[in-house]
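A short worksheet on the structure shown next.
Positions are given from 1, in the same order as the sequence printed here.
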Amino acid sequence: MPVAVPVLVAGLVAFAVVLLFMGLWLLLQRRDPVEERLSEYGLQAQLMSSNPVGDVTRRYGRSTLQRIFGGFGVAQRLALALTRAGLPLTVAEFVLIVFALFVTGLIIGTWRLNVALGLVFGAVLAAIPFVYMGIRRRQRLRGFTEQLPDMLTLLVGGLRAGYGLNQALDLIVQRLSPPMSSEIGNVVRAVNLGLPLNRALEDAVVRIGSEDFNLVAVAINIQRETGGNLAETLEIIGDTVRDRLRMLSEIRVLTSQQRFTGYVLAFLPLAAGLLIFLVNPEYVRDLFAPGWVRILPISALLLQIIGFFVIRKIVDIEV
């Protein structure tokens with residue numbers, strides 16, 4: 001235990017120094033005044049490129065972190081995931097949170113047991129922001145998809161009442177709640193600032209990640225180029241989306257027990273092991289002693305992860 005105290009102190013000092021420099025870097029980095037002005041309209045840099053995915057990345061700034069990971073596309077994918085989750089964080093801020101949780105878990109695990117357990121505990125804590133981001137993304141996408149039939153109903157009603165397409169989109173912003181109203185509001189503001197409607201819809205499809213809304217955007221863009229009865233086309237799409245949502249609801253009800261079983265089988269052993277470790281660390285210490293015995297907890301963790309994803313894949317029925 002005497003060795004643990006210097007390790008803990010050194011870890012805390014290093015962690016404090018890293019947080020200090022990262023905080024100064026985030027505060028002192030200069031931002032493009034054009035992007036800052038556009039951010040007041042909820043658009044950021046969407047008008048500055050012809051690449052919608054690149055727009056989402058630039059929404060979170062041209063940071064050093066992005067330049068480091070840009071060749072691998074990590075920063076771009078992470079920025080897109082943050083956008084789809086609706087989290088008001090930059091890529092640098094998100095990575096800083098992940099790093100802080102990893103270091104915290106490493107210090108606590110090393111202090112209570114050893115470095116190997118510290119690495120495992122740090123990895124578990126570092127995965128929490130990604131799990132939360134995935135949950136937020138799925139909830140936001142589900143909420144948007146559930147609002148899509150109402151959005152199409154308002155849009156069809158507005159078009160048949162004689163409204164123009166932009167006026168009908170304004171009606172959606174006024175009548176519906178987020179996330180639908182916020183995303184359509186971004187489309188309307190982009191069009192008012194001079195962005196073509198087809199490009200604004202493409203940007204919205206990238207930000208949302210909904211296949212159903214992509215179908216709506218394609219129908220609107222084709223109608224603007226070739227002509228036709230847009231209200232009738234959107235009404236057919238609305239009926240299709242409603243039937244799909246009804247079928248998805250039935251599938252979720254039928255597979256609810258299997259999904260709950262997957263969560264219990266995945267997290268109950270981890271929660272029980274963590275509780276035992278907090279109550280009696282000596283009881284768990286033997287599993288992480290030097291030698292072949294370390295294969296047991298590592299294999300158990302890997303099998304738990306594999307089993308969880310297998311169960312999720314089985315109950316994930318696409319419609």
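Looking only at side-chain heavy atoms (C-beta outward), T153 and R242 come within less than 4.5 Å of each other. The side-chain heavy atoms of R84 and L141, taken from C-beta on, include no pair separated by under 4.5 Å. When side chains are defined from C-beta on, R207 counts as touching V187, because their heavy atoms get closer than 4.5 Å. Inter-residue side-chain proximity for T233 and Q223 is flagged as unmet; no heavy-atom pair is nearer than 4.5 Å. In this structure the side chain of L274 never reaches within 4.5 angstrom of the side chain of L270, judged on heavy atoms.
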Requested in this report: Under the side chain to side chain contact (heavy atoms under 4.5 Å, CB included) rule, what do Q258 and I314 come out as? Steps first, then yes or no, please.
Outcome: CA-CA 9 Å; Q258 289 74 18; I314 292 175; over 6 Å; no
Report task. Begin from the C-alpha positions of I135 and Q139 and carry the test side chain to side chain contact (heavy atoms under 4.5 Å, CB included) through to its verdict. Result -> CA-CA 6 Å; I135 294 174; Q139 289 178 346; 3.6 Å; yes
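Between the CG atom in N166 and the CG atom in L171 there is a gap of 12.5 Å [rounded to 0.5 Å]. Considering CG of L169 and OG of S181, their distance stands at 12.5 Å, rounded to 0.5 Å. Within the model, atoms CG of L245 and CD of E146 stand 7.0 Å from one another, a figure rounded to the nearest 0.5 Å. Atoms CZ and CG, on R244 and D239 in that order, are 15.0 Å from each other to the nearest 0.5 Å. Summarising the geometry, atom CZ belonging to F130 is positioned 10.5 Å from atom CG belonging to L101; distances are rounded to the nearest 0.5 Å. Residue S256 holds its OG atom at 12.5 Å from CD1 of I251, rounded to the nearest 0.5 Å.
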Identify each donor-acceptor pair in which a side-chain atom of residues 154-165 lies under 3.5 Å from a protein atom, sequence neighbours left out, and give them as a table.
| residue | atom | partner | partner atom | Å |
| --- | --- | --- | --- | --- |
| R160 | NH1 | E235 | OE1 | 3.4 |
| R160 | NH2 | E235 | OE1 | 2.5 |

Side-chain donor-acceptor contacts of residues 296-312 below 3.5 Å, not counting sequence neighbours, with atom names and distances?
| residue | atom | partner | partner atom | Å |
| --- | --- | --- | --- | --- |
| S299 | OG | I295 | O | 2.7 |
| Q304 | NE2 | L265 | O | 2.5 |
| Q304 | NE2 | A266 | O | 3.3 |

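Salt bridge annotation for R199-D203: present, with a cationic side-chain nitrogen under 4.0 angstrom from a carboxylate oxygen.
For CD of E232, the number of neighbouring non-hydrogen atoms (other residues, nucleotides, ligands) closer than 6.0 Å is 12 at most. Sparse packing is recorded around CZ of R175, with 12 or fewer heavy atoms of other residues, nucleotides or ligands lying under 6.0 Å away.
Checking side-chain atoms of Q147 against main-chain N and O of M180 turns up a donor-acceptor pair under 3.5 Å. For T83 (side chain) and A79 (main-chain N/O), a donor-acceptor pair under 3.5 Å exists by modelled atom type. A donor-acceptor pair under 3.5 Å links the side-chain atoms of R259 to the main chain of R252, judged by distance alone. Within the 3.5 Å criterion, the main-chain N or O of A217 finds a donor-acceptor partner in the side chain of N221. Between the side chain of N214 and the main chain of S210, no donor-acceptor pair closer than 3.5 Å is present.
Partners of R140 according to the salt bridge (charged side-chain N to carboxylate O under 4.0 Å, His left out) rule, which considers only residues two or more places apart in sequence or in another chain, are E183. Partners of F144 under the ring pair (Phe, Tyr, Trp, His ring centres under 6.0 Å) rule, at least two apart in sequence or in another chain, are F213.
L152 and L215 fall within the same hydrophobic cluster, defined by Ile, Leu, Val, Met, Phe, Trp and Tyr side-chain heavy atoms under 4.5 Å apart, directly or through other members. At a threshold of 4.5 Å between side-chain heavy atoms, the hydrophobic network of Ile, Leu, Val, Met, Phe, Trp and Tyr places L278 and I276 in one connected group. Criterion: ILVMFWY side-chain heavy atoms under 4.5 Å apart, direct or through other members. Under it, I128 and F94 are part of a common hydrophobic cluster. With hydrophobic clusters built from ILVMFWY side chains whose heavy atoms lie under 4.5 angstrom apart, L176 shares a cluster with V216. Linking ILVMFWY side-chain heavy atoms closer than 4.5 Å, directly or via other members, places L234 and L197 in a single hydrophobic cluster.
Heavy-atom minimum distance, A219 versus L230: O-CD1, 4.1 Å. A190 and A200 get closest at one heavy-atom pair: CB-CB, 4.1 Å.
Applying the salt bridge (charged side-chain N to carboxylate O under 4.0 Å, His left out) definition to pairs two or more places apart or across chains, none involves residues 265-277.
Side-chain polar atoms of R189 and N186 form a donor-acceptor pair below 3.5 angstrom.
Residue V253 belongs to no hydrophobic cluster, having no ILVMFWY side-chain heavy atom closer than 4.5 Å to its own.
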